[in-house]
Amino acid sequence: GSGKTAAGAGKQGRWGDIYATLIRHGHQHRDIGSFTLRQLMLYYERALAVDRLDRAGRMQDMNLAFGGGKAAAEHLRALQR
């Protein structure tokens with residue numbers, strides 16, 4: 001294929017990722033098309049930041065769970081509040 005086809009496929013893939021991420025974060029497909037490019041990118045970047053924070057939290061939880069002990073018990077109690 002030509003370089004144009006590959007570049008076009010990459011852009012389509014990126015838009016697909018953006019739409020999928022925004023929908024996963026609660027945006028409605030029908031609304032996304034009315035967002036400005038700036039809004040799309042701001043929402044997308046925030047969604048990715050939320051995902052990163054979620055992953056960091058899960059990592060911390062797993063680390064404490066595998067370590068066990070008093071720290072894990074205290075962490076679990078704090079999460080259950």
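Below, all heavy atoms of this structure are taken into account, side chains as well, without hydrogens, waters or symmetry copies.
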J.: Counting only heavy atoms not in Arg38 (residues, nucleotides, ligands), do more than 12 fall under 6.0 Å from its CZ?
T.: no

J.: Would a distance-only check, ignoring hydrogens and angles, find a side-chain to backbone donor-acceptor pair under 3.5 Å from Gln39 to Thr36?
T.: yes

J.: Not counting sequence neighbours, list each pair that qualifies as a salt bridge (Lys or Arg N to Asp or Glu O under 4.0 Å) and has a residue in residues 52-62.
T.: none

J.: Do Tyr43 and Met41 sit in one hydrophobic cluster, given that two such residues count as connected whenever their side-chain heavy atoms are within less than 4.5 Å of each other, even indirectly?
T.: yes

J.: If you group Ile, Leu, Val, Met, Phe, Trp and Tyr by side-chain heavy-atom gaps below 4.5 Å, do Leu53 and Met59 land in one group?
T.: no

J.: For Arg30, which residues count as a side chain to side chain contact (heavy atoms under 4.5 Å, CB included) partner, sequence neighbours excluded?
T.: Gln28

J.: Taking the side chain as C-beta and beyond, is there a heavy-atom pair between Leu48 and Tyr44 under 4.5 Å?
T.: yes

J.: Could you please spell out the steps behind the side chain to side chain contact (heavy atoms under 4.5 Å, CB included) verdict for Leu40 and Leu22?
T.: CA-CA 8 Å; Leu40 274 173; Leu22 294 180; 3.6 Å; yes

J.: Between His27 and Phe35, how do the two ring planes meet: parallel, tilted or perpendicular, split at 30° and 60°?
T.: perpendicular

J.: Side chains of His75 and Gln60: closer than 4.5 Å at any heavy-atom pair?
T.: yes

J.: Looking at every heavy atom in both Ala71 and Leu64, which two are closest together, and how far apart are they?
T.: CB-CD2, 4.0 Å

J.: I'd like to check the ring-ring contact (aromatic ring centres under 6.0 Å, His included) partners of Tyr19; sequence neighbours left out, ordered by chain and number.
T.: His29

J.: Going from CD1 on Ile18 to CD1 on Ile23, what distance comes out if it is rounded to the nearest 0.5 angstrom?
T.: 12.0 Å

